[in-house]
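Residue numbers start from 1 in every chain, and the chains themselves are labelled A, B, ... in the order their sequence lines are given, proteins ahead of strands.
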Number of protein chains: 2
Amino acid sequence: MKQKKSNSREKILTAAADVAREAGPGNLSLDAVASRAGVSKGGLLYNFPSKAKLMQALVEEYLNDFQQALETARAAEPDKTLLANYLRLSAQECDETKDAASWIFSAIAEDPDFLTPMKTFKRQLFERLKADTPNLKTLLVTYLAIEGLRSLSLFDTDLLNEGERELLVDTLLEIANG
Amino acid sequence: MKQKKSNSREKILTAAADVAREAGPGNLSLDAVASRAGVSKGGLLYNFPSKAKLMQALVEEYLNDFQQALETARAAEPDKTLLANYLRLSAQECDETKDAASWIFSAIAEDPDFLTPMKTFKRQLFERLKADTPNLKTLLVTYLAIEGLRSLSLFDTDLLNEGERELLVDTLLEIANG
DNA sequence: TTGACATTACCGTCCAGACGGTACAGTAAG
DNA sequence: CTTACTGTACCGTCTGGACGGTAATGTCAA
């Protein structure tokens, strides 16, 4: 019964991400989100009874999307290892969505506990990777490196140029497949 | 002695970091910082004319400390490469200061531009590393991996156990020296 | 030495504005 | 009648920071 929902929910969620990016992570107010979404404040509160619920939904949606993308990638290239799929998908995500995940800082500012689902998600995925990857060193180095890349993109630090990023990802995939 | 030693400044700075950690990044209020530092609000505003200045000082102090630690480490072990020194120092920093840098999120919530000094610092250091490291692949992989480790510790994600972290750092140093 | 003034380093209060959230009446569609 | 809102009015709280003191510490002239 998950599939119902008005399109307002989706509009509000993307509006929240937009406001977080444009107004800054600390200025994510319900008023701003509502007006950005073209919805009244009452309407927002109807869909998300509190700011906390909105944040929660933001995190859950993000996690869902990633999971789904991972499964899709895995189905599309079953010959590749899970690690290789994960690395490529993450690199791609960092590449395209410039700082789309800036709302994460809003969530942290509101309450760091909102990240708990992300942590458990990461832990589960890491366990899966450990079970699937024969060489622990390989996993550690490549996983952490891609985590570093994610960190740079999250903080909007353009430290690497195009060539360097490409070289890095290629190298990581090489290591993962070696 | 031209340098007036008002120890209030230092007290306030550490108090700010403490409050950020304990009350959460989004609840860093001047009142809380002042009372935590054992200083009145007026006194706080005397030392830091605005919240923005306080944040700025926090960032600058952090950067100064790191730079100083790096130079010290370099002087102590001149035979090691700059990269090796950087990796070890960063790993150590992630290890001991659990989530001491939680105030960073406060700064971001206040205004993401507060991170600009950190970005330029990183860029300069990275340029230095590039000039000093013959193999670019080596630099990219190890630098990003340590950045990943820093990210995990910043977000307080205890993904790796003691052995894994040790294995990772050893491997990185091996790669850097290989 | 002393008295007068200046600066430093801080105290404590007050306030305007922003924000999350509530309440409630209305409405258009199915 | 229910669902999914709109719109307005409102409340309590929190927060940055402006402001007016004030005690201690210099500084300097007589």
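Between F105(B) and F155(B), the distance from one ring center to the other falls under 6.0 angstrom.
Side-chain contact between D95(B) and R165(B) is present, with heavy atoms from C-beta onward closer than 4.5 Å. The side-chain heavy atoms of V39(A) and Y46(A), taken from C-beta on, include no pair separated by under 4.5 Å.
Between D158(B) and K119(A) there is no salt bridge, since none of the side-chain N atoms of the basic residue sits less than 4.0 Å from a carboxylate O of the acidic one. Ion pairing between R88(A) and E77(A) fails under the 4.0 Å rule for side-chain N and carboxylate O. Between E166(B) and K137(A) there is no salt bridge, since none of the side-chain N atoms of the basic residue sits less than 4.0 Å from a carboxylate O of the acidic one. Between E147(A) and R150(A) there is a salt bridge, since a side-chain N of the basic residue sits under 4.0 Å from a carboxylate O of the acidic one.
One finds no side-chain N or O of S8(A) lying less than 4.0 angstrom from the OP1 or OP2 phosphate oxygen of dA4(D). Taking side-chain N and O atoms only, N47(B) has no distance below 4.0 Å to OP1 or OP2 of dA9(C).
For S29(A), the side-chain atoms get nearest to dG20(C) when compared with the rest of dT6(D), dG20(C), dG16(D).
Rounding to whole angstrom units, OH of residue Y46(A) and P of dC5(D) are separated by 7 Å. The separation between K51(B) atom NZ and dG16(D) atom P is 4 Å, rounded to whole Å. dG17(D) atom C1' lies 8 Å from atom CG of L30(B), rounded to whole Å. Atom NZ of K11(A) is separated from atom P of dC5(D) by 8 Å (rounded to the nearest Å). In this structure, the CG atom of N27(A) is 13 Å from the C1' atom of dT15(D), given to the nearest Å. Regarding K53(B), its NZ atom lies at a distance of 15 Å from the C1' atom of dG17(D), rounded to whole Å. L54(A) places its CG atom 14 Å from the C1' atom of dG21(C), with the value rounded to the nearest Å. In this structure, F48(A) atom CZ and dG21(C) atom P are separated by 13 Å, rounded to whole Å.
Residue contacts shown for L28(B) are limited to sugar-phosphate atoms, with no base heavy atom under 4.0 Å away.
In the helix from dT1(C)-dA30(D) to dG30(C)-dC1(D), the rotation axis of the first five pairs and that of the last five pairs differ in direction by 10°, rounded to 10 degrees.
A donor-acceptor pair under 3.5 Å is formed between the side chain of N47(B) and the backbone N or O of G43(B).
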For nucleotides 12-15 of chain C, print each protein N/O atom paired with a nucleotide N/O atom at under 3.5 Å, atom names and distance only.
residue : atom : partner : partner atom : Å
dG12(C) : O6   : G42(B)  : N            : 3.4

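In this structure, CD on E174(B) lies 9.5 Å from CG on L172(B), to the nearest 0.5 angstrom.
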